[in-house]
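Note on naming: letters A, B, ... go to the chains in the order of the sequence lines (proteins, then strands), and numbering restarts at 1 for each one. As a basis for the values below, the full set of heavy atoms in this structure was taken, side chains included, without hydrogen atoms, waters or symmetry mates.
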Protein chains: 2
Amino acid sequence: MPRMTTKQQVGDTRRRVLDIAERLVQSRGFNGFSYADIAAELKITTASLHYHFAGKAELGRALIARYAERFFEALTAIDAGPSTAREKLRAYAGLYADVLRGHRLCLCGMLAAEYHTLPDPMRESVVSFFDENEVWLAKILQQGRATGELDFNGTPEEAARMIIYGLEGAMLVARPYGDVARFHSAAEQLIDSLTTRRPSGTPK
Amino acid sequence: MPRMTTKQQVGDTRRRVLDIAERLVQSRGFNGFSYADIAAELKITTASLHYHFAGKAELGRALIARYAERFFEALTAIDAGPSTAREKLRAYAGLYADVLRGHRLCLCGMLAAEYHTLPDPMRESVVSFFDENEVWLAKILQQGRATGELDFNGTPEEAARMIIYGLEGAMLVARPYGDVARFHSAAEQLIDSLTTRRPSGTPK
DNA sequence: GTCTATAGGCAGATAGAC
DNA sequence: GTCTATCTGCCTATAGAC
């Protein structure tokens with residue numbers, strides 16, 4: 001077993017770079033920070049950063065990959081956790097709330113705003129993130145409807161998108177108010193709205 | 001009456017700067033464009049831009065002020081237009097759709113994402129924009145509920161926020177897909193959801 | 001893995017001529 | 001109102017020593 005030393009362990013710096021960059025992107029945007037910001041915080045030089053990530057685009061790709069991996073692991077944990085669909089949706093919204101509490105946005109929500117300025121490989125990863133969220137949510141919604149626990153109009157996919165839009169929008173708008181309660185209230189109402197079906201003959 | 005000349009009329013350049021900057025902010029973000037981008041498109045130098053706007057912060061303030069003014073004029077026009085609350089809400093969502101069709105985001109939605117990097121005066125204007133949207137929407141919702149046309153739980157203010165969150169989030173996420181239909185579908189569902197009351201005794 | 005040194009470019013901004 | 005010229009600073013990135 002390796003002893004602790006004052007030197008960094010292999011791969012540790014890379015992880016720390018990702019941690020700092022992730023926080024900077026989520027709070028300031030991909031165009032709102034520089035290698036110098038990371039280097040200063042890590043107390044190394046920008047030249048050293050290029051050893052770990054060839055360029056900002058590669059760093060960006062790695063950020064999304066790690067973020068998505070961690071996020072979908074959390075979704076798998078939710079799958080194995082609460083038994084009701086409502087509780088699973090609450091846990092899902094809780095993931096967003098945790099992010100907002102750190103005065104951050106969803107990484108891919110932020111990158112969606114900056115979408116037109118992103119390098120191509122990053123763009124594809126952002127869209128995939130939303131797609132996979134939709135798939136997971138639609139599955140939960142489908143199950144909840146099957147058991148009669150949930151009740152909503154349209155397809156599970158449509159309802160899933162509404163949840164994503166609502167939570168991403170609530171994060172975006174609530175953050176400037178510095179008020180996590182704003183988000184919580186919105187998440188509650190969003191989940192509650194999935195428990196009532198509207199009359200099917202709603203006039204156009 | 002002044003004759004047309006090949007020279008720009010007084011104030012015309014200022015307006016054109018705002019037009020170009022507005023488009024750039026809405027598509028690329030405030031940190032995603034530079035004075036050079038505007039200057040190149042206008043075929044003047046960056047030095048000339050500083051004659052019209054002392055700095056990027058002043059340009060940013062002017063952008064929000066003009067955007068908000070135009071937006072709330074549009075809301076006043078809606079007030080005088082369609083007679084039903086549902087139609088007014090559709091027209092409201094239509095304002096967002098028009099923006100998205102130009103591959104843009106709501107100016108203040110974009111600035112909300114970049115909030116932590118904005119100069120102070122811009123921050124206040126962004127929050128005010130959302131506040132005023134909420135006021136207008138709450139008024140429409142209140143009226144619609146009074147006539148029995150609309151039906152929703154909670155206060156008009158709460159429902160108004162849900163609309164803002166839903167539409168801002170739908171714009172944010174739909175844009176990378178390049179699919180305005182995604183937004184329309186979400187807007188429709190959002191408005192439809194205001195026509196049914198959920199059971200008041202929803203279990204916590 | 002991290003450094004020094006440096007390149008080349010672009011950022012926002014200013015002085016002063018016309 | 002627009003220009004040329006210039007400034008200072010920051011940006012990403014690279015070469016090469018340790």
Self-check item: Spacing between A/F30 atom CZ and D/dT12 atom C1', to the nearest angstrom
Solution: 11 Å

Quiz item: Do NZ/NE/NH1/NH2 and the carboxylate oxygens of B/K139 and B/D79 come within less than 4.0 Å?
Solution: yes

Self-check item: Nearest-Å distance for atom pair CZ/P, residues B/R16 and D/dG1
Solution: 13 Å

Self-check item: Electrostatic pair B/R66-B/E69, nearest N-O below 4.0 angstrom
Solution: no

Quiz prompt | salt_bridge(A/E149, A/K88) N-O dist < 4.0 Å | solution = no

Quiz prompt | Nucleic acid contacts - residues 44-60 of chain A versus DNA chain C, non-hydrogen atoms under 4.0 Å | solution = A/I44, A/T45, A/A47, A/S48, A/Y51, A/H52

Quiz item: Could you give all pairs that pass the side-chain hydrogen bond (donor to acceptor under 3.5 Å, both in side chains) test and reach residues 160-184 of chain A, with sequence neighbours left out?
Solution: A/E134-A/R161, A/Y165-B/R182, A/Y177-B/D131, A/R182-B/Y165

Quiz item: Would you say the side-chain atoms of A/S48 and A/T45 include a donor-acceptor pair closer than 3.5 Å?
Solution: yes

Quiz item: Expressed in angstrom and rounded to an integer, what is the separation of B/F33 atom CZ from C/dC10 atom P?
Solution: 17 Å

Quiz item: Whole Å only: how far is the CG atom of A/L42 from the C1' atom of C/dG1?
Solution: 12 Å

Exercise. Give the rounded distance in Å between these two atoms: CD1 of A/I38 and P of D/dA13.
Key: 11 Å

Exercise. Go through A/R16 and A/D19 one step at a time and tell me if the salt bridge (Lys or Arg N to Asp or Glu O under 4.0 Å) criterion holds.
Key: CA-CA 5 Å; A/R16 286 157 51 124; A/D19 287 343; over 6 Å; no

